[in-house]
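Here's the structure we're looking at; comments come further down.
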Amino acid sequence: MLGAVVGLAVGRPAMSLQPIGDLFVRLLEMIIVPIIVFTLLMATRELSPKNLGKVGGQVVGLYLATTAVAIAIGLAVSNLINPGTGVTLEQTDVETEQAPALTDQLFNIVPANPISALAEGNILAIIFFTLAFGLGMTMVRAEVEPDSAVRNGIDTIFNVADAGAEVMFKIVWGIMEFGVLGVFALMAALFGEIGLEAISAYFFLAMTLTVAVGLQITLVYLLLLIRGVVGGSPVDFLRGSKEALITALSIRSSSATLPITMSDADENLRIKERVYGFSLPLGATVNMDGTAMYLGIVAIFAANIAGASLTLFEQVAILLTALLMSVGTAGVPSASLVMMTAVLTQVGLPLEVIGMIAGIDPLLDRLRTMNNIAGDLAVSSVVAKWNDAIDLTSGVWADAPVGVGEETVNVTNDD
Ligand code: ASP
């Protein structure tokens with residue numbers, strides 16, 4: 001908040017704070033690969049291939065379902081607010097990068113060289129190899145003699161992973177201390193750069209996304225999943241996720257937020273490593289509810305600008321394309337802009353729109369990324385609940401604060 005105020009007051013000079021924010025992002029990026037490898041190895045220690053299949057199926061199924069709902073909400077809100085009416089198409093020289101083909105993306109999940117996947121930070125390929133390696137270890141471990149060198153070696157690797165994950169979380173805490181400054185710097189630089197003009201020019205677009213994100217978070221995550229399925233308090237869930245949500249809001253990257261998302265899942269939401277070690281790295285790359293919703297909203301926005309109206313059938317086609325595209329979107333800032341080409345082309349809408357909204361994207365991307373992270377944590381909580389892997393008696397679920405002048409908070413979860 002303070003960052004936004006300073007940015008608006010100071011204007012462009014506030015952009016000189018950007019390097020402090022960039023340093024924060026870099027620190028987080030530094031630990032993405034090790035934290036995924038260590039926690040995922042720990043997850044495989046506890047999961048048999050059968051259980052992994054079960055947890056994996058539930059995670060993927062819920063990820064897809066919540067994303068489809070998000071797009072439907074985005075389309076419904078857009079049909080009500082109708083962003084883009086009255087706006088005229090500006091000729092912009094957009095470099096419309098081609099969205100990668102889905103088959104290529106699927107193929108790339110299998111790394112030709114695991115070491116280069118690690119070096120390049122290719123998250124899906126890292127997940128694939130680490131899972132294969134971890135499951136391989138659990139299988140070999142079950143087959144060999146108890147005191148054999150192989151068994152001892154495997155136990156040592158798992159112990160190293162355990163220690164490594166602990167150390168990474170320690171580092172995350174250190175980074176989060178600095179994060180306060182990083183978040184301030186990023187917010188000040190953002191508002192200093194875009195100012196109020198860009199916001200007012202695309203007010204209805206911003207409003208549509210804000211309303212849709214608000215609905216998705218309150219109705220789907222907080223009420224349906226957390227209150228309804230997990231049986232926890234939505235306020236506790238938000239308290240437990242706040243570091244990750246604020247970070248997502250400031251750095252606009254699901255992948256770079258991942259270390260903090262994992263730390264919140266572990267320390268605050270008390271989800272077990274065997275669920276979040278798998279669900280969160282996967283979610284950071286494939287589960288993008290805010291992104292998918294935005295792809296749908298922009299399609300309606302573009303149609304309104306072009307004076308076209310989209311039939312129900314076309315909107316369903318948009319839903320499906322946006323679903324697939326969001327799965328393939330990388331968890332990096334403004335990745336949606338690339339994926340948008342596919343959605344707009346699908347229904348024959350002008351790609352110039354992408355250039356028009358690129359200016360306000362640094363702002364809207366924050367809401368999308370925050371929604372993406374909230375979705376990952378909500379689904380992980382549900383799957384953890386289904387697999388007896390969440391402790392609702394500790395972490396944020398247990399120590400609800402009794403605020404001044406508030407009623408006593410019920411901490412027994414016996415709603
Ligand atoms: N920045 C988003 C994320 O990292 C992706 C996008 O919507 O552009 O989750």
Side-chain angles (χ1 to χ4, degrees), residues 21-22 24-26 28-29 32 36 63 66-67 70-71 73-74 94-100 105 121-124 183 186-187 190 194 202 205-206 208-210 212-213 216-217 221 241 244-262 264 279-299 301 318 321-344 353-380:
D22 291 345
F24 174 49
V25 178
R26 238 184 133 83
L28 287 171
E29 284 172 345
I32 298 174
I36 295 179
Y63 277 163
T66 46
T67 306
I71 308 170
I73 291 182
V94 237
E95 299 235 326
T96 45
E97 253 176 76
Q98 266 299 315
Q105 291 177 31
N122 180 346
I123 296 185
L124 288 182
V183 168
L186 286 169
M187 285 301 181
L190 162 80
I194 65 171
Y202 295 105
L205 180 66
T208 311
L209 182 68
T210 311
V213 165
Q216 173 80 3
I217 292 183
Y221 305 151
S241 319
L245 299 183
I246 293 175
T247 307
L249 207 63
S250 3
I251 68 175
R252 304 163 51 199
S253 163
S254 300
S255 303
T257 307
L258 184 61
I260 298 193
T261 321
M262 285 186 156
D264 275 353
S279 66
L280 290 179
L282 187 72
T285 17
V286 307
N287 183 45
M288 305 223 166
D289 297 356
T291 300
M293 161 192 282
Y294 187 61
L295 293 176
I297 293 174
V298 170
F301 175 77
I318 290 174
T321 323
L323 183 66
L324 290 178
M325 284 298 128
S326 74
V327 171
T329 308
V332 297
S334 290
S336 299
L337 292 182
V338 179
M339 306 320 254
M340 226 166 254
T341 50
V343 178
L344 295 180
V353 170
I354 301 176
M356 287 172 64
I357 56 176
I360 197 182
D361 203 60
L363 186 67
L364 302 188
D365 193 11
R366 280 157 218 273
L367 289 177
R368 302 196 299 260
T369 314
M370 184 190 67
N371 187 338
N372 293 345
I373 296 292
D376 296 345
L377 283 170
V379 167
S380 301

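Numbers here are sequence positions counted from 1. Remember, it's 1-based here, ligands and their atoms both numbered in the order they're listed. All values derive from a computational prediction rather than experimental measurement.
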Could you tell me which atoms of ligand 1, counted from 1 in the order shown, lie closer than 4.0 angstrom to a heavy atom of S334?
1 (N), 8 (O)
Any donor-acceptor N or O pair under 3.5 Å, side chains D365, T369
yes
What about S255: any of its N or O atoms under 3.5 Å from an N or O on ligand 1?
no
Which distance, rounded to the nearest 0.5 Å, do you find between the CZ of F24 and the CG of L186?
7.5 Å
Those atoms of ligand 1 less than 4.0 Å from some heavy atom in S254
3 (C), 4 (O), 9 (O)
Should one rank D376, N371, T369 by closest heavy-atom distance to atom 2 (C) of ligand 1, which comes out on top?
T369
With M293, which of R368, M288, Q216 fulfils side-chain contact (heavy atoms from CB on, under 4.5 Å)?
Q216
Between V332 and ligand 1, which part of the residue brings a heavy atom under 4.0 Å of the ligand: side chain, backbone, both or neither?
backbone
Could you tell me whether some N/O pair between A335 and ligand 1 is separated by less than 3.5 angstrom?
yes
Can you list the atoms of ligand 1 that are under 4.0 Å from a heavy atom of R368?
6 (C), 7 (O), 8 (O)
Go through ligand 1 atom by atom and flag the ones less than 4.0 Å from a non-hydrogen atom of S336.
6 (C), 7 (O), 8 (O)
Would you compute the distance between atom OH of Y63 and atom CG of L323 and round it to the nearest 0.5 angstrom?
14.0 Å
For N372, run the side chain to side chain donor-acceptor pair (under 3.5 Å) check against D289, T257, T291, T261 and tell me which one passes.
T291
Any idea which atoms of ligand 1 are less than 4.0 Å away from a heavy-atom of D365?
1 (N), 2 (C), 6 (C), 7 (O), 8 (O)
Measure the CD1-CG distance between I357 and L337 for me, rounded to the nearest 0.5 Å.
6.0 Å
Under the side chain to side chain contact (heavy atoms under 4.5 Å, CB included) test, residues paired with T321 that sit two or more places apart
M325, V343, Q346
Mark up the atoms of ligand 1 that fall under 4.0 Å of a heavy atom belonging to S253, in ascending order.
4 (O)
At less than 4.0 angstrom from any non-hydrogen atom of R252, what atoms of ligand 1 do you find?
1 (N), 4 (O)
Output all residues satisfying side chain to side chain contact (heavy atoms under 4.5 Å, CB included) with T210, sequence neighbours left out; order by chain, then residue number.
L367
